[in-house]
Novice: 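Take this structure first; my questions come after.
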Amino acid sequence: MSPDTGLAPASGDAVASLVETLKARFGERVSTAQAMRDSHGRGEGAGPPAAPDAVVFAQTTEEVAEIVALCSQRRVPVIPFGAGSSLEGQLDAVRGGISLDLTGLDKILEVNAEDLDVKVEAGVTREQLNAHLRDQGLFFPLDPGANATLGGMASTRASGTNAVRYGTMREVTLGLTVVTASGEIVTTGGRARKSSAGYDLTRLFVGAEGTLGVITELRLRLFGVPERITSGLCQFDSFTNAVEAVSAVIQMGVPVARIEFLDTLQMQACIAYSKLDELAAKPTLFLEFHGSPASVDDQIEQVREIFDAMGGGAFSWADKEEDRSRLWKARHDAYFAARALAPGTQSIVTDACVPISRLAEAVEAAARDGEKSGFACPIVGHVGDGNFHVMILHDGEDPDAAKRAKALSDRIARRAVEMGGTSTGEHGIGLNKLAVAREELGASAALMRTIKDALDPHSIMNPGKTLPV
């Protein structure tokens, strides 16, 4: 019985029989090797792996349906697996079962340039898609940092650095192909930009973290590459002024594409890791502007005035693609840079998201909590939409340290909920946020459980995640 979920493991006989059936059907694409199972039994988050009983590598939607149907017949759990970059325990096989690796579903099926949409298989990564679109003057804007699969991004309702302008996976997903818990293939949504036909099943599966079905194909919105893209950077002496400057930019309606915050400790880590010796270790805002040359100039001037009033330092701008790439690579490497501050430690990454008017208060309170904890706690955030992350670096082998780190994470999450926000802006609930989710979701959790029971009556789809027990 899992202490986290209250769920018993699947029957050993049922699993053994299933694995033999799968091996007979899929041969070497079924692995029971311990190293393979361990690598599929965890994401990037803290804690030991909870390994599945076997890993199966699917290559088509039809194969996924066949595998899920076999698992359904034997009541064996199915855990969808993409890039393995999730942070909240979504990949842990808490009841054992089959890890269904979808990286083989890696085809870009169609691009409709005139209508600005694309159809892809779930294993396609965001970088792969943008490389394919580059010569067509189109791009897919969502950028969570990791080179995640698009199926995984939809499953966790991911967003990232461009969400302040382009929205999250909820807004850019037009339709899905999903394999249900019985092994049935269903399609949701379509190519039209709006519809009033029936329940919005697309958004039911987006963010469900694999607990209602397996996403195998997605139809997504695309955008034209802006005429001009300019990235900028501004450093502040005051932590508070930097965060309040972000609130002012958003409240003034400046249509920035990205606006990211890194605190002093995170900048110290990035300077060392990404060789940014020209910068100082102080609170820093990374920005990006999209539009026509005239509109970008106007946005820059508005932001400059706001930052000057807030005590910001000199601006540093980059228009050339290579300069912009270097700037944003440093931001994208922030996770690994922070881990390098304390080699050998584990990390818990919080995911609080609050209304913009409470952002400065929430970040300051989280920073104070981090200082009191004694842990190294760098802060980085997609602050343009009120979302920030505190990375709590701690000794995962020390039970007391792990307990205190988890308590700090929960405290930051609960404060966000109390401020009218959420415990998770983009990472999902998984296993790690179940306790806080119980308080955040309230009575709606029972309705969600009713939906889960209706679509997955035997609880085989990524069991123990997302919904509080």
Novice: Any ion pair linking Asp319 and Arg228 (charged N to carboxylate O, less than 4.0 Å)?
Specialist: yes
Novice: Considering all heavy atoms of both residues, which atom of Gly421 and which atom of Glu440 are nearest to each other, and what is their separation?
Specialist: O-OE2, 4.3 Å
Novice: Report the distance from atom CG of Asn241 to atom CE of Met310, rounding to the nearest 0.5 Å.
Specialist: 7.0 Å
Novice: Does Asp117 come within less than 4.0 Å of Arg219, counting only side-chain N to carboxylate O?
Specialist: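 Arg219 and Asp117: salt-bridged.
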Novice: Less than 4.5 Å apart, any side-chain heavy atom of Arg339 and any of Met391?
Specialist: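 Yes, side chains in contact.
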Novice: For residues Thr161 and Arg258, is any side-chain donor paired with an opposing acceptor at under 3.5 Å?
Specialist: yes
Novice: What heavy-atom pair brings Cys234 and Gly313 nearest, and what distance separates the two atoms?
Specialist: SG-O, 3.4 Å
Novice: Strictly distance-based, threshold 3.5 Å: is any side-chain N or O of Ser325 a donor or acceptor partner for the main-chain N or O of Glu322?
Specialist: no
Novice: Taking atom CZ as the centre, does Arg134 end up with more than 12 heavy-atom neighbours from other residues, nucleotides or ligands that are less than 6.0 angstrom away?
Specialist: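 12 or below, so no.
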Novice: Please name the pair of heavy atoms, one in Thr168 and one in Ser159, separated by the smallest distance, quoted to 0.1 Å.
Specialist: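 Heavy atoms of Thr168 and Ser159 come nearest at CG2-CB, 3.6 Å.
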Novice: Run the side chain to side chain contact (heavy atoms under 4.5 Å, CB included) check on Glu260 and Val383 step by step: do they pass?
Specialist: CA-CA 6 Å; Glu260 300 282 301; Val383 286; 5.8 Å; no
Novice: Please confirm whether Tyr273 and Tyr335 have ring centers closer than 6.0 angstrom.
Specialist: no
Novice: Any side-chain to backbone donor/acceptor pair from Asp92 onto Val94? Under 3.5 Å, distance only.
Specialist: no
Novice: Can a salt bridge be assigned to the pair Glu321 and Arg324 using a cut-off of 4.0 Å between side-chain N and carboxylate O?
Specialist: no
Novice: Ignoring hydrogens, what is the shortest heavy-atom contact between Ile429 and Ala437? Give both atom names and the distance.
Specialist: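 That closest heavy-atom pairing would be CD1-CB, 3.8 Å.
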Novice: Does a donor on one side chain sit under 3.5 Å from an acceptor on the other, for Asn147 and Thr125?
Specialist: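 Per modelled atom types, Asn147 and Thr125 side chains form a pair under 3.5 Å.
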Novice: So among Lys329, Arg165, Arg331, Arg126, which one has a salt bridge (Lys or Arg N to Asp or Glu O under 4.0 Å) with Asp143?
Specialist: Arg126
Novice: In terms of the angle between their ring planes, are Trp317 and Phe315 parallel, tilted or perpendicular, with boundaries placed at 30° and 60°?
Specialist: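 Judged by the thresholds at 30° and 60°, the geometry between Trp317 and Phe315 is parallel.
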Novice: State, with a plain yes or no, whether a side-chain heavy atom of Thr284 is found less than 4.5 Å away from one of Phe286.
Specialist: yes
Novice: With a 4.0 Å cut-off, would you call Glu418 and Arg415 a salt bridge?
Specialist: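 No, no charged N to carboxylate O under 4.0 Å.
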Novice: Consider only side-chain N and O atoms of Thr202 and Thr188, and report whether a donor and an acceptor are under 3.5 Å apart.
Specialist: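 The criterion, which ignores hydrogens and geometry beyond distance, is satisfied for Thr188 and Thr202.
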Novice: For Glu88, does its backbone N or O pair with a side-chain atom of Lys465 as donor and acceptor, under 3.5 Å?
Specialist: no
Novice: Restricting to non-hydrogen atoms, name the atom on Pro52 and the atom on Ile98 that form the minimum distance, rounded to 0.1 Å.
Specialist: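 So the two residues come closest at CB-C, 4.4 Å.
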Novice: For Phe140, does its backbone N or O pair with a side-chain atom of Asn130 as donor and acceptor, under 3.5 Å?
Specialist: yes
Novice: State the CG-OG distance between Leu218 and Ser155, to the nearest 0.5 angstrom.
Specialist: 8.0 Å
Novice: Would you say Val243 and Phe261 make side-chain contact, with heavy atoms under 4.5 Å?
Specialist: yes
Novice: If you define the side chain from C-beta out and look only at heavy atoms, does anything of Val172 sit under 4.5 Å from Met169?
Specialist: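 SC-SC contact between Val172 and Met169 confirmed.
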Novice: Where do Val246 and Val249 land on the side chain to side chain contact (heavy atoms under 4.5 Å, CB included) test, with the steps shown first?
Specialist: CA-CA 5 Å; Val246 173; Val249 168; 5.8 Å; no
Novice: Do Leu220 and Leu150 make a side-chain contact, defined as non-hydrogen atoms from C-beta onward lying under 4.5 Å apart?
Specialist: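 Leu220 reaches Leu150 side chain to side chain.
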Novice: Would you give the length of the straight line joining atom CD1 of Ile271 to atom CG of Leu279, rounded to the nearest 0.5 angstrom?
Specialist: 5.5 Å
Novice: Tyr166 vs Phe223 aromatic rings, parallel, tilted or perpendicular, using cut-offs 30° and 60°?
Specialist: perpendicular
Novice: Salt bridge or not for Lys119 and Glu217, using N-O below 4.0 Å?
Specialist: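 So Lys119 pairs with Glu217 through a salt bridge.
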Novice: Can you name the side chain to side chain contact (heavy atoms under 4.5 Å, CB included) partners of Arg203, sequence neighbours left out?
Specialist: Arg170, Asp200
Novice: Does the His389 side chain pair with the main chain of Thr350, one donor and one acceptor, at a distance under 3.5 Å?
Specialist: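 Looks like yes, one N/O pair under 3.5 Å.
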Novice: Ignoring hydrogens and angles, tell me if any N or O in the side chain of Lys452 forms a donor-acceptor pair with the backbone of Thr211 under 3.5 Å.
Specialist: yes
Novice: Less than 4.0 Å between a side-chain N and a carboxylate O, is that true for Arg304 and Asp308?
Specialist: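 So Asp308 does not pair with Arg304 through a salt bridge.
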Novice: Could you grab the distance from atom NZ of Lys282 to atom OG of Ser238, nearest 0.5 Å is fine?
Specialist: 11.0 Å
Novice: Taking the side chain from Asp263 and the backbone from Gln266, do they hold a donor-acceptor pair closer than 3.5 Å?
Specialist: yes
Novice: Below 4.5 Å, heavy atoms only, C-beta onward: do His394 and Arg404 meet side chain to side chain?
Specialist: no
Novice: Indicate yes or no: at least one non-hydrogen side-chain atom of Pro80 is less than 4.5 angstrom from one of Ile215.
Specialist: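 Side-chain contact under 4.5 Å: no.
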Novice: Please check if any side-chain donor atom of Glu426 sits under 3.5 Å from a side-chain acceptor atom of His382, or the reverse.
Specialist: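 Their side chains do contain a donor-acceptor pair, which is all the 3.5 Å distance test asks for.
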Novice: Is there a side-chain contact between Asn432 and Ser409 in this structure, where contact means two heavy atoms from C-beta onward sitting under 4.5 Å apart?
Specialist: no
Novice: Looking at Asp410 and Val436, would you say the former's side chain and the latter's main chain have a donor-acceptor pair under 3.5 Å?
Specialist: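 Side chain of Asp410 to backbone of Val436, a donor-acceptor pair under 3.5 Å: no, none is there.
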Novice: Would Arg42 and Asp38 pass as an ion pair if we require N to O under 4.0 Å?
Specialist: no
Novice: Determine yes or no for a side-chain-to-main-chain donor-acceptor pair under 3.5 angstrom, with Asn462 supplying the side chain and Glu209 the backbone.
Specialist: yes
Novice: Over all heavy atoms of both residues, which pair between Ala272 and Lys275 is shortest? Give the atoms and the distance, please.
Specialist: O-NZ, 3.6 Å
Novice: Does any N or O in the side chain of Asp453 come within less than 3.5 Å of the main-chain N or O of Pro457, such that one atom is a donor and the other an acceptor?
Specialist: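 The answer is no, because no donor-acceptor pair under 3.5 Å joins these two groups.
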Novice: Between Val390 and Val349, is a side chain to side chain contact (heavy atoms under 4.5 Å, CB included) present by the stated rule, with each step listed?
Specialist: CA-CA 6 Å; Val390 182; Val349 184; over 6 Å; no
Novice: Under 3.5 Å, is there a donor on one side chain and an acceptor on the other for Glu288 and Thr230?
Specialist: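 Per modelled atom types, Glu288 and Thr230 side chains form no pair under 3.5 Å.
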Novice: Got a second to check how far Ile259's CD1 is from Leu285's CG, nearest 0.5 Å?
Specialist: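 So the gap between those two atoms works out to 5.5 Å.
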Novice: Going by atom types only, do Thr240 and Glu364 share a side-chain donor-acceptor pair under 3.5 Å?
Specialist: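 Glu364 and Thr240 do have a side-chain donor-acceptor pair below 3.5 Å.
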Novice: Hydrogens and angles aside, do Glu44 and Ser85 bring a side-chain donor and acceptor to less than 3.5 Å of each other?
Specialist: no
Novice: If you round to the nearest 0.5 Å, how far is CE of Met461 from OG1 of Thr466?
Specialist: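 These two atoms lie 11.5 Å from each other.
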Novice: Mind running side chain to side chain contact (heavy atoms under 4.5 Å, CB included) on Leu359 and Phe388 for me, showing each step along the way?
Specialist: CA-CA 9 Å; Leu359 178 62; Phe388 67 95; 4.2 Å; yes
